[in-house]
Novice: 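Below is a structure I'd like to ask you about.
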Amino acid sequence: MAQVQTQLMTRIKNAADREIQRRITALNSLLARVQAFKRVSDSEKSSLAATVQTQVSQLTTLKTKIDADTDLTTLRTDVKSMTVAYRIFILVIPQGKILAAADRLTTIASSMADISTKLAARIAAAPAGTDVSALNASLADMNAKIADATTQAANAANAVAGLKPDNGDKTAMQSNDAALKQARADIVAGTHDLTDARHDATDIIKGLHGSAKISPSPTASPSVTP
């Protein structure tokens, strides 16, 4: 009987060690990605990086404890804590994906703002007497959409950057879930904004009869959904 329990505990520990390592690998990959963000604020990057580093440290400590457990009940409790207390795939990784999406959204918005500036110059250079009211209306809408996309990206990043694992606290878990849901909605709204802005840019170029190429081409529909 003792031998059977020992074998069972060994299997549980080995499985737990693999799951812990899988989480640590994912967290380290996320940490590298966070450091590469260019448009997300330093404070938001630092907040998520601190959460990631804390989770890695705590998981490493948990692995040591699990490997040293000699009681099956204690072992099972420790293994369960891996999902209850450490919300790696439910919270931390989604946080990183949303920040990455916000970073990408803001980068695209910045590029499209440059395109808008070039289009404004083209409209201003139209021959005297040319009716550019429709072009200016499209340009105004384009600028508004770009500005809103930037706002939506900032809202998404702000909503998730400071979230912490709930450690089994149901209220905290619900709050985190709500924040993630809202942030995803912000990213979707911002993506739609940039798609509309791209359409405005296309309309302006057509209105100018394609008299000159605008570089870079106004593309703003890569996937940024977290």
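All values reported here derive from a predicted model rather than from experimental measurement.
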Novice: Going by the side-chain contact (heavy atoms from CB on, under 4.5 Å) test, name the single residue among Gln152, Arg198, Met142, Met112 that passes it with Asp193.
Specialist: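 With Asp193 as partner, Gln152, Arg198, Met142, Met112 yield a single side-chain contact (heavy atoms from CB on, under 4.5 Å), made by Gln152.
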Novice: Rounded to the nearest 0.5 Å, what separation is found between the OG1 atom of Thr150 and the CD1 atom of Ile108?
Specialist: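 Thr150 atom OG1 to Ile108 atom CD1 measures 10.5 Å (nearest 0.5 Å).
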Novice: Is a side-chain donor or acceptor of Asp203 paired with a backbone partner of Leu135 at a separation under 3.5 angstrom?
Specialist: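 No: the side chain of Asp203 does not pair with the backbone of Leu135.
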Novice: Enter the distance from Ile12:CD1 to Leu72:CG here, rounded to the nearest 0.5 Å.
Specialist: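 The CD1 atom of Ile12 sits 5.0 Å away from the CG atom of Leu72.
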Novice: Asp103 side chain to Arg39 main-chain N or O, any donor-acceptor pair under 3.5 Å?
Specialist: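 Such a contact is found between Asp103 side chain and Arg39 backbone.
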Novice: Donor-acceptor pair, distance only, cut-off 3.5 Å: does the side chain of Gln95 make one with the backbone of Leu163?
Specialist: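 Indeed, once roles are kept as given, a pair shorter than 3.5 Å links the two residues.
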Novice: Under 3.5 Å, is there a donor-acceptor pair between the side chain of Thr25 and the main chain of Gln21?
Specialist: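 Pair found, side chain donor or acceptor close to backbone of Gln21.
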Novice: Heavy atoms only: give me the nearest Pro94-Arg184 pair and the separation to one decimal.
Specialist: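 Closest heavy-atom pair between Pro94 and Arg184: CB-NH2, 3.6 Å.
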Novice: Which residues pass the side chain to side chain donor-acceptor pair (under 3.5 Å) test with Asn143, sequence neighbours left out?
Specialist: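 For Asn143, the residues satisfying side chain to side chain donor-acceptor pair (under 3.5 Å) (neighbours in sequence not counted) are Ser116.
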Novice: What's the spacing between Lys63 NZ and Glu19 CD if we round to 0.5 Å?
Specialist: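 Rounded to the nearest 0.5 Å, the NZ-CD separation comes out at 13.5 Å.
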Novice: Group every Ile, Leu, Val, Met, Phe, Trp and Tyr by side-chain heavy-atom contacts under 4.5 Å, then state whether Val52 and Met82 land in the same group.
Specialist: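 The answer is yes; both residues are in one hydrophobic cluster.
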Novice: Nearest 0.5 Å, what's the CD1-NZ distance between Ile187 and Lys97?
Specialist: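 The NZ atom of Lys97 is 13.5 Å from CD1 of Ile187, to the nearest 0.5 Å.
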Novice: Filter on salt bridge (Lys or Arg N to Asp or Glu O under 4.0 Å), then keep only pairs touching residues 138-150, sequence neighbours left out; what's left?
Specialist: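 Every pair satisfying salt bridge (Lys or Arg N to Asp or Glu O under 4.0 Å) with a residue in residues 138-150: Lys145-Asp196.
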Novice: Looking only at heavy atoms, what is the nearest atom pair of Glu44 and Val40, with distance?
Specialist: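 For Glu44 versus Val40, the nearest heavy atoms are OE1-CG1, 3.2 Å.
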Novice: Using modelled atom types only, decide if a donor and an acceptor are shared between the side chain of Ser138 and the backbone of Ile204 within a distance under 3.5 Å.
Specialist: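 Such a contact is absent between Ser138 side chain and Ile204 backbone.
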Novice: Using only atom types and a distance under 3.5 Å, with no angle test, would you say the side chain of Asp69 pairs donor to acceptor with the backbone of Asp71?
Specialist: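 No: the side chain of Asp69 does not pair with the backbone of Asp71.
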Novice: Is there a donor-acceptor pair closer than 3.5 Å between any side-chain N or O of Ser175 and the backbone N or O of Ala172?
Specialist: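 Checked: no pair found.
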Novice: Looking only at non-hydrogen atoms, find the nearest pair between Gly190 and Ala149 and report the distance.
Specialist: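 Closest approach of Gly190 to Ala149: O-CB, 3.6 Å.
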Novice: With a 4.5 Å heavy-atom cut-off, do Asp200 and Leu139 have their side chains touching?
Specialist: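 Of all side-chain heavy-atom pairs linking Leu139 with Asp200, none is under 4.5 Å.
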Novice: Quick one: does any side-chain atom of Ser110 pair with a main-chain N or O of Thr106 as donor and acceptor, under 3.5 Å?
Specialist: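 Flag not set: sc Ser110 to bb Thr106 has no pair under 3.5 Å.
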Novice: Any chance you could measure Leu91, atom CG, to Asn176, atom CG, to the nearest 0.5 Å?
Specialist: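 Reported value, rounded in 0.5 Å steps: 5.0 Å.
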Novice: Please answer whether the main-chain N or O of Gln53 pairs with a side-chain N or O of Ser57 as donor and acceptor at a distance below 3.5 Å.
Specialist: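 The answer is no, because no donor-acceptor pair under 3.5 Å joins these two groups.
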Novice: Roughly how far apart are Lys65 NZ and Asp78 CG, rounded to 0.5 Å?
Specialist: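 The CG atom of Asp78 is 3.5 Å from NZ of Lys65, to the nearest 0.5 Å.
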